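No experiment lies behind these values; they were computed from the predicted model shown.
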Amino acid sequence: MRPPARDTIPAVVILEPSAALATCERALRQLITATATASAGAGANWITSVAKPDTIQRWSDRRREEAASRGKRGVAEVDSNLLAYASFFELVAILERSWEAYAPALGRKKETGALLARFDDLRNAVAHNRELLPFERELLSGIAGEIRNRVTIHLSSQDPSGDFYPRIEAVSDSLGNTIDTFELDSPTSGLCATAVRLSPGDTVVFRCDGVDPQGRDLTWSLRVGSDYVDSVGGDRAELRWNVTRKHVGHRVAARIYLRSDSEFHRWAGHDQGVSLSYTVLPPIDG
């Protein structure tokens with residue numbers, strides 16, 4: 001007689017160092033952006049409240065250099081949020097100058113500041129191509145997860161129903177376009193009008209990151225025009241768009257939707273969405 005099966009303990013997911021770095025930096029950018037825009041008011045130039053003119057100019061120069069570099073590779077769009085061009089230590093410097101403004105999310109400076117300092121030590125090792133020990137990789141992943149969770153909980157608290165519905169953290173395509181700032185009052189809360197021209201036969205891959213405060217399973221779907229072209233599950237997922245002749249058009253929207261397996265959703269059939277638009281040229285043969 002076979003013994004009864006034991007309950008299995010889910011494996012802990014350890015983020016790869018590059019993913020941990022991206023996760024932590026993205027969370028800090030989102031926190032700074034949300035806090036600064038809320039303080040500055042709609043339409044205000046909030047970036048001037050978090051950085052000095054010379055720093056803003058440095059970020060603008062980095063953005064311009066990236067745009068020039070990507071233009072040579074056929075990619076014209078770069079992130080419009082200048083904080084995307086801030087280094088990790090620059091982001092931490094912003095937090096340290098006005099910690100009280102970010103304390104509702106990050107907690108006590110003595111505690112979270114120490115985590116960020118240790119994270120920076122490990123980040124520096126990765127940047128210099130030094131191999132991390134297993135426990136260091138786990139620590140890097142753990143700190144990134146801690147910061148991400150703190151920011152997620154805080155941003156959810158700013159949304160009347162944010163502690164129930166999942167939210168998109170970031171969506172990027174394989175052509176270099178990224179959306180990582182959102183509004184929650186629209187079924188498609190993030191918009192990116194790219195300058196990319198596609199042709200039938202091209203393939204675009206979308207990398208998606210999301211989080212659910214209730215820990216439920218998440219599903220991503222990709223719709224182009226009236227067609228759903230791909231669907232995949234998970235907090236982190238990749239969607240694939242194989243461009244065909246029926247997608248030809250001047251401004252073609254690739255809409256990505258996130259939903260949990262809950263009975264209830266923020267919008268009809270989904271919880272949050274983003275839209276990236278492209279020009280799809282007719283094939284040479286007509």
Side-chain angles (χ1 to χ4, degrees), residues 15 19-60 62-63 79-124 139-170 178-185 189-190 209-213 235 272:
L15 296 176
L21 296 178
T23 295
C24 189
E25 288 187 352
R26 182 170 60 240
L28 296 182
R29 286 200 308 270
Q30 290 177 342
L31 175 62
I32 293 170
T33 301
T35 302
T37 53
S39 176
N45 187 16
W46 60 268
I47 196 71
T48 59
S49 68
V50 301
K52 297 179 179 179
D54 59 335
T55 301
I56 295 174
Q57 183 60 53
R58 184 165 62 248
W59 296 343
S60 298
R62 291 174 187 168
R63 183 181 188 277
D79 202 309
S80 60
N81 186 348
L82 285 179
L83 278 184
Y85 307 96
S87 63
F88 181 79
F89 74 84
E90 288 175 323
L91 294 174
V92 173
I94 293 172
L95 299 175
E96 290 181 340
R97 283 197 298 270
S98 305
W99 191 273
E100 63 279 2
Y102 307 104
L106 299 179
R108 296 174 58 190
K109 183 177 181 180
K110 182 178 180 180
E111 296 174 356
T112 308
L115 288 180
L116 292 174
R118 183 64 175 123
F119 189 91
D120 192 32
D121 289 339
L122 296 172
R123 180 204 62 80
N124 189 55
L139 184 57
L140 192 73
S141 175
I143 295 175
E146 171 80 7
I147 298 301
R148 177 198 193 196
N149 287 346
R150 285 177 177 268
V151 172
T152 294
I153 291 171
H154 174 71
L155 295 182
S156 295
S157 72
Q158 309 306 300
D159 171 22
S161 53
D163 60 346
F164 183 81
Y165 298 114
R167 69 182 183 89
I168 296 174
E169 291 186 303
T178 299
I179 303 177
D180 63 2
T181 55
F182 310 94
E183 298 293 336
L184 293 175
D185 59 355
S189 58
D209 289 275
V211 62
D212 181 65
D235 293 354
Q272 197 172 11

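Taking Asp235 as the reference, nothing meets the side-chain hydrogen bond (donor to acceptor under 3.5 Å, both in side chains) condition, with sequence neighbours excluded. Annotation: ring pair (Phe, Tyr, Trp, His ring centres under 6.0 Å) contacts of Phe88 (sequence neighbours excluded): Phe119. Take Arg26 and apply the side-chain hydrogen bond (donor to acceptor under 3.5 Å, both in side chains) test, not counting sequence neighbours, and it matches no residue. Scanning for salt bridge (charged side-chain N to carboxylate O under 4.0 Å, His left out) contacts around Glu25 gives an empty result, with sequence neighbours left out.
Once rounded to the nearest 0.5 Å, the distance linking CH2 of Trp46 with OG1 of Thr33 reads 3.5 Å. Rounding to the nearest 0.5 Å gives a distance of 8.5 Å between CD1 of Ile179 and CD1 of Ile168. Interatomic distance, CD1 of Ile143 versus CG of Leu139, reported as 4.0 Å (0.5 Å rounding). One distance of note links CG of Leu82 with OG1 of Thr48; it measures 11.0 Å at 0.5 Å rounding.
In plain terms, the two heavy atoms of Ala144 and Ala20 that are nearest each other are CB-O, 3.4 Å. Across all non-hydrogen atoms, the minimal contact from Pro104 to His154 is CB-CE1, 3.7 Å. For the pair Ala51 and Ile56, the tightest heavy-atom approach, listed with the atom from each and the gap, is O-CD1, 3.6 Å.
Between Thr152 and Glu169, the closest side-chain pair of non-hydrogen atoms falls below 4.5 Å.
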Return a table of donor-acceptor pairs under 3.5 angstrom between the side chains of residues 89-100 and protein atoms on other chains or two or more places apart.
| from | atom 1 | to | atom 2 | distance (Å) |
| --- | --- | --- | --- | --- |
| Glu90 | OE1 | Trp59 | NE1 | 3.0 |
| Glu90 | OE1 | Arg62 | NH1 | 3.0 |
| Glu90 | OE1 | Ser87 | N | 2.7 |
| Glu90 | OE1 | Ser87 | OG | 3.2 |
| Glu90 | OE2 | Arg58 | NE | 3.2 |
| Glu90 | OE2 | Arg58 | NH2 | 2.9 |
| Arg97 | NH2 | Val50 | O | 2.9 |
| Trp99 | NE1 | Gly107 | O | 2.8 |

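No donor-acceptor distance shorter than 3.5 angstrom exists from the side chain of Arg148 to the backbone of Ala27, with no hydrogens or angles considered.
Under the side chain to side chain donor-acceptor pair (under 3.5 Å) criterion, the residue pairs touching residues 111-124 are Arg108-Glu111, Asp120-Arg123, Asn124-His128, with sequence neighbours excluded.
When Leu140, Ile147, Leu15, Leu115 are each tested for a side chain to side chain contact (heavy atoms under 4.5 Å, CB included) with Cys24, only one passes: Ile147.
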